[in-house]
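Working notes, beginning with the structure itself.
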Amino acid sequence: MASSTDEPKIVRVSQKGQATIPKPLREKFDIETPGEVFIYEEEGRIIVEPVPSLEELHGIHAGDHEPGEVL
């Protein structure tokens with residue numbers, strides 16, 4: 001039986017405020033360990049998002065300027 005990442009998971013929060021992202025979610029969202037995530041509040045919820053790798057960001061603004069233009 002495959003585990004679903006759609007079901008809510010309960011994780012413990014340590015005295016230092018640390019919580020572990022469950023492995024199926026880390027794998028699904030390609031969160032490296034050790035690594036970094038964005039964490040912020042939006043509409044009364046805590047949001048955790050993977051920080052994009054440099055490879056994922058490569059060329060993200062390629063169409064916004066002339067080739068060779070210094071940004």
Side-chain angles (χ1 to χ4, degrees):
M1 178 178 187
S3 85
S4 170
T5 57
D6 295 335
E7 296 294 320
K9 304 286 188 243
I10 296 175
V11 298
R12 294 177 189 253
V13 179
S14 74
Q15 290 180 338
K16 293 182 178 184
Q18 299 167 324
T20 301
I21 300 168
K23 186 176 181 179
L25 289 171
R26 291 193 318 263
E27 290 174 345
K28 179 177 180 175
F29 292 98
D30 296 321
I31 297 172
E32 299 283 331
T33 56
E36 296 179 324
V37 293
F38 293 116
I39 187 165
Y40 56 93
E41 185 267 339
E42 182 177 281
E43 297 180 12
R45 292 177 173 248
I46 298 171
I47 307 296
V48 179
E49 288 185 9
V51 174
S53 69
L54 291 177
E55 291 80 24
E56 292 172 312
L57 293 175
H58 180 72
I60 196 167
H61 294 293
D64 296 341
H65 63 278
E66 294 295 318
E69 181 181 0
V70 177
L71 302 178

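Side chains are part of it too, since the values below use all heavy atoms of this structure and drop only hydrogens, waters and symmetry mates. The chain is numbered in sequence order, starting from 1. As the structure is a prediction and not an experimental result, all values here were calculated from the model.
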Using the rule given for side-chain contact (heavy atoms from CB on, under 4.5 Å), can you reason through Lys23 versus Arg26, listing the C-alpha separation, both sets of side-chain angles and the distance that settles it, and then say yes or no? CA-CA 5 Å; Lys23 186 176 181 179; Arg26 291 193 318 263; 3.7 Å; yes

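- Between the CD1 atom in Ile31 and the CD atom in Glu36 there is a gap of 12.0 Å [rounded to 0.5 Å].
- Residues Ile39 and Val11 are members of separate hydrophobic clusters, defined by side-chain heavy-atom contacts under 4.5 angstrom among Ile, Leu, Val, Met, Phe, Trp and Tyr.
- In this structure, the side chains of Pro50 and Asp30 stay at 4.5 Å or more apart for every pair of heavy atoms.
- In this structure, Val37 is a member of the same hydrophobic cluster as Leu25, with clusters built from ILVMFWY side-chain heavy atoms closer than 4.5 Å.
- Looking only at side-chain heavy atoms (C-beta outward), Lys9 and Ile21 stay at 4.5 Å or farther from each other.
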